[in-house]
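Side chains are part of it too, since the values below use all heavy atoms of this structure and drop only hydrogens, waters and symmetry mates.
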Amino acid sequence: MESRVSSSSETAHQTLQNSAPKSSPSSVNRLWRPAAQRNMKNQWSKLNSLRQEWASSSSTARSHATSLVNAYLSQRFMKDMELGVLSDMPDIQKKACWKLLKQQVVHRDNLLSSYKEMVGTVVNMVNTSMSLRCFLKGGINSPLIQFSNSSNDTNDNGDGGGMPVFIFWSISVFEKLASELVQMFKLELNLKRLLVIEFLSLRSKEDSIIEKLCWSDEIYQGEFDDLSRCNLDCREASGSASTKLDGFVSENIKQPNCQPDSDVLQIYLTAWLTDVNIDKKRVEDIFSEVGEEMHVNLVS
């Protein structure tokens, strides 16, 4: 008796499943395009906001780096300064150097905080650039058609079969431009990290507070995990490929006891300001071209 009831229940359940409306491939393709358009606009809008975040964090970081350098140089040249009537005050140079050192430590912490924000921005750029595709959610046999920018279905490429998302461009064209854009910021982050290490390592001979850093050191807790999300690995030795900056390898990384002079530090600050690995005209062109294709203004 029980087996008959169970069999009847299974048959009824199977009948309900078979009678549920199924989505045809044509209806899925028809609905994919507007969903893909919404996702594409959202992701490129995020990329646009993230590049502005980068500019803000980079500017703030350079301001902290400049203050840090000024505090360090003032300590360095304090012994050679003519103090005039102040020279008769007991331990005036020692007290001044100690105060400048405390200021340097504050600027050091602020620079590190801004650098951490820049790393987070590039991580978000990488994640956003990898979320441009639009996948069917729940499978083609689902009665409710939904889409997502992530998928567990290996048979769904999320590119709509290569059809244009808006007018002419397929998903792959948008991805290629996003990859080009993000690559510039990744290279610049690599360079900024090298400069941050130099700035954070500035110390006088008498200073016992600030430690000299090298390329393979983790600057803040969890930094290596963040950089790995950008496909940047700094765990290797300083002479490795991880220290390459757009095809260039700095030999000064291999000189941990070398303290840069004021001229070199000025060059560091100028290099920070110019964003040497970011072709700003190309960045504007990318957002202009993408915006034109999507009929959205992404250029401020």
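- Under the 6.0 Å distance and 45° angle rule, R51 counts as a cation-pi partner of F287.
- Using modelled atom types, one side-chain atom of S129 and one backbone atom of V126 make a donor-acceptor pair closer than 3.5 Å.
- For the atom pair OG (S74) and CG (L100), the distance works out to 5.5 Å, reported to the nearest 0.5 Å.
- With contacts defined as side-chain heavy-atom distances shorter than 4.5 Å, the pair L265/L202 qualifies.
- Under a 4.0 Å N-O distance rule, the pair R282/E289 qualifies as a salt bridge.
- Environment of CD in E180: crowded, with over 12 heavy atoms of neighbouring residues, nucleotides or ligands closer than 6.0 Å.
- Using a 4.5 Å heavy-atom cutoff, the side chains of L269 and F199 are in contact.
- The cluster map of Ile, Leu, Val, Met, Phe, Trp and Tyr, joined by side-chain heavy atoms under 4.5 Å apart, puts V69 and V264 in the same cluster.
- Using a 4.5 Å heavy-atom cutoff, the side chains of M40 and F166 are in contact.
- Side-chain atoms of N39 never come within 3.5 Å of backbone atoms of A35 as a donor-acceptor pair (strictly under, hydrogens ignored).
- At least one donor-acceptor pair under 3.5 Å links the side chain of S228 to the backbone N or O of D225.
- Within the 4.5 Å cutoff, no side-chain heavy atoms of F185 are placed close to those of T121.
- Rounding to the nearest 0.5 Å gives a distance of 12.0 Å between OG of S288 and CD of E293.
- Residues S57 and M118 come closest through the heavy atom pair CB-CG, 3.6 Å.
- Looking at I286 and W44, their side chains come closer than 4.5 Å, going by heavy atoms from C-beta outward.
- Side-chain atoms of E218 come within 3.5 Å of backbone atoms of G222 as a donor-acceptor pair (strictly under, hydrogens ignored).
- The main-chain N or O of N157 is found under 3.5 Å from a side-chain atom of R133 such that the two form a donor-acceptor pair.
- At a threshold of 4.5 Å between non-hydrogen side-chain atoms, the residues H64 and V106 do not count as touching.
- Taken to the nearest 0.5 Å, the CD atom of Q43 stands 10.0 Å off from the SG atom of C134.
- For the pair S49 (side chain) and S45 (backbone), a donor-acceptor distance under 3.5 Å is present.
- Between W169 and F174, the two ring planes are perpendicular [angle over 60°; tilted spans 30° to 60°].
- To the nearest 0.5 Å, atoms NZ (K192) and CG (L111) are separated by 11.5 Å.
- Under a 3.5 Å cut-off, the side chain of D217 and the backbone N or O of I219 do not form any donor-acceptor pair.
- Judged purely by atom type and a 3.5 angstrom limit, R229 has no side-chain atom pairing as donor or acceptor with the backbone of V123.
- Each of I278, V196, D275, V276 was compared with L191 under the side-chain contact (heavy atoms from CB on, under 4.5 Å) criterion, and only V276 meets it.
- In this structure, T128 contributes its side chain and N124 its backbone to a donor-acceptor pair below 3.5 Å.
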